[in-house]
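Quick notes on the structure that follows.
Labels below follow one simple rule: chain letters A, B, ... track the order of the sequence lines, proteins then strands, and each chain is numbered from 1.
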2 protein chains.
Amino acid sequence: MKQAVAAVPNRRASRQAGRARLTSAESLGRTGLDLFIKYGFDNVTVEDISEAAGIGRRTFFRYFSSKNDLPWGDFDGLLLRMRSRLAEVPAETPLFDALRESVVDFNRFPEDEIPFLRQRMMVLLTTPTLVAHSALRYQDWRKVVAEFVAERLGVAWHSHIAITLGQVCLGISLSAYEEWLVDETLLLGELIDGGFHNVRAVFAG
Amino acid sequence: MKQAVAAVPNRRASRQAGRARLTSAESLGRTGLDLFIKYGFDNVTVEDISEAAGIGRRTFFRYFSSKNDLPWGDFDGLLLRMRSRLAEVPAETPLFDALRESVVDFNRFPEDEIPFLRQRMMVLLTTPTLVAHSALRYQDWRKVVAEFVAERLGVAWHSHIAITLGQVCLGISLSAYEEWLVDETLLLGELIDGGFHNVRAVFAG
DNA sequence: TTTCCATCGGCACTCTGTGCCAATAATATG
DNA sequence: CATATTATTGGCACAGAGTGCCGATGGAAA
């Protein structure tokens with residue numbers, strides 16, 4: 001499997017030579033996600049999406065390197081945000097709080113984007129194919145956490161404790177999403193916060 | 001994606017009617033894993049494996065429901081073992097210790113199987129396609145842990161805390177394997193144990 | 001107008017996974 | 001021994017994802 005390098009054509013500053021693009025990753029992603037929600041991920045072919053978007057099947061793969069990547073949107077952008085937030089955490093903040101607050105923060109979205117986020121996560125977490133593919137994206141996310149932990153503790157980013165805490169933070173996030181999708185009245189941030197404290201309670205001995 | 005129902009033909013008690021099987025899941029798995037190690041997962045086709053095993057391509061899929069499932073061996077059997085071990089833990093044992101010891105125990109294998117385990121895990125954890133597919137197997141594993149936690153705490157198996165601890169235990173296991181594959185001198189059991197204590201240290205506040 | 005060039009999309013191909021079904025080879029039965 | 005039963009096999013055709021190749025398209029720049 002090819003690494004998910006930027007399949008999105010380089011967005012030109014404003015005007016350059018060459019044919020204009022027919023669509024955008026965002027627009028195409030929206031079109032695809034709608035179809036996934038309506039008919040189910042497995043019942044929608046790349047050809048269906050391309051046709052609905054008015055482009056060729058071949059062109060689809062220039063916007064998304066795979067059908068699986070479509071629902072992820074601009075995840076790399078979010079990773080950059082996560083990295084920045086972590087870097088801003090004061091050195092005095094205990095590691096537990098630094099992680100807890102950063103993870104909560106990473107998953108904070110504007111009120112009006114919540115319904116969209118719910119749709120996206122519902123598809124991502126209930127479609128087996130996508131559950132599987134997600135593991136590849138999570139690798140990147142975990143690395144951001146691990147690097148922060150390593151920096152804090154003065155160890156290598158691939159040291160056991162850094163990797164472990166990356167895994168644990170991811171696990172807490174995912175279980176929060178799972179719960180969040182089931183009960184619409186719950187707040188994502190509070191679920192993540194609660195997850196951190198649940199683990200503390202059980203692990204505190 | 002289809003759920004991984006038993007693709008392995010029912011093993012007959014000893015003698016029944018019908019044509020005899022040409023191979024076994026174990027033998028076919030060994031053949032395939034050898035090829036994966038030698039040439040890389042992505043450079044080996046199902047046809048290659050089938051040919052090496054002396055069966056038809058179509059028959060391969062009766063032993064393994066997908067190429068991705070081949071390296072997993074009898075994982076369902078291990079899950080049953082994990083469930084039994086958890087059920088045997090005395091009620092007095094604190095949850096932290098119950099989980100820690102059970103996870104360590106789950107990953108304890110006979111000395112002579114270690115090299116094989118290392119090969120298997122190396123392929124599973126370094127091949128992107130398999131890293132992705134593994135997420136589906138991990139779901140089952142996490143559920144076993146979550147059910148135990150739920151039983152212990154008197155909550156539903158899908159409650160937030162049970163799901164979270166399933167995720168966390170998985171995370172600790174995976175980071176231990178990652179470390180274990182890098183440094184051959186380390187013991188898997190000690191890495192897992194260390195992972196639990198690392199998380200305790202950071203989360204204890 | 002001509003040149004340049006990013007984007008597009010058709011085509012052919014590989015590989016995974018599946019439904020269908022006849023062929024095979026073993027046991028069970030008359 | 002001949003025939004019926006049954007589990008397994010494997011060939012064939014097909015859908016769908018993803019890729020390399022390359023000419024066509026339609027903008028901007030010269």
Nearest-nucleotide comparison on DNA chain D, the residue closer to the 5′ end among A/Ser66 and B/Leu22: B/Leu22

DNA chain D: 5'-proximal contact among A/Val44 and B/Thr23 (nearest heavy atom):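 On the 5' side of the pair lies B/Thr23.
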
Is there a donor-acceptor contact under 3.5 Å linking the side chains of [X] and [Y]?
{"X": "B/Asp105", "Y": "B/Ser102", "value": "no"}
{"X": "A/Thr45", "Y": "A/Asp48", "value": "yes"}
{"X": "B/Thr185", "Y": "B/Asp183", "value": "yes"}

Whole angstroms only, please: what is the [atom1]-[atom2] distance between [X] and [N]?
{"X": "A/Asn68", "N": "D/dA17", "atom1": "CG", "atom2": "C1'", "answer": "9 Å"}
{"X": "A/Leu70", "N": "D/dG18", "atom1": "CG", "atom2": "P", "answer": "11 Å"}
{"X": "A/Phe61", "N": "C/dG9", "atom1": "CZ", "atom2": "P", "answer": "14 Å"}
{"X": "A/Ile49", "N": "C/dG9", "atom1": "CD1", "atom2": "P", "answer": "15 Å"}
{"X": "B/Leu136", "N": "C/dG17", "atom1": "CG", "atom2": "P", "answer": "12 Å"}
{"X": "A/Lys67", "N": "D/dT19", "atom1": "NZ", "atom2": "C1'", "answer": "17 Å"}
{"X": "A/Arg58", "N": "C/dG10", "atom1": "CZ", "atom2": "C1'", "answer": "10 Å"}
{"X": "B/Phe64", "N": "C/dG17", "atom1": "CZ", "atom2": "C1'", "answer": "16 Å"}

Tabulate below the donor-acceptor pairs under 3.5 Å that side-chain atoms of residues 153-161 of chain A make, not counting sequence neighbours, or state none.
| residue | atom | partner | partner atom | Å |
| --- | --- | --- | --- | --- |
| A/Ser159 | OG | A/Ala156 | O | 3.0 |
| A/His160 | NE2 | A/Thr164 | OG1 | 3.4 |

B/Phe196 vs B/Cys169 side-chain heavy atoms within contact, under 4.5 Å: yes

Any N or O donor-acceptor pair linking the side chain of [X] to the base of [N] at under 3.5 Å?
{"X": "A/Arg21", "N": "D/dG27", "value": "no"}
{"X": "A/Arg19", "N": "C/dG9", "value": "no"}
{"X": "B/Arg57", "N": "C/dG17", "value": "yes"}

Sugar-phosphate only, base, or nothing, as touched by A/Thr45 at under 4.0 Å among non-hydrogen atoms: sugar-phosphate

A/Tyr63 side chain near C/dT7 phosphate (N/O to OP1/OP2, under 4.0 Å): no

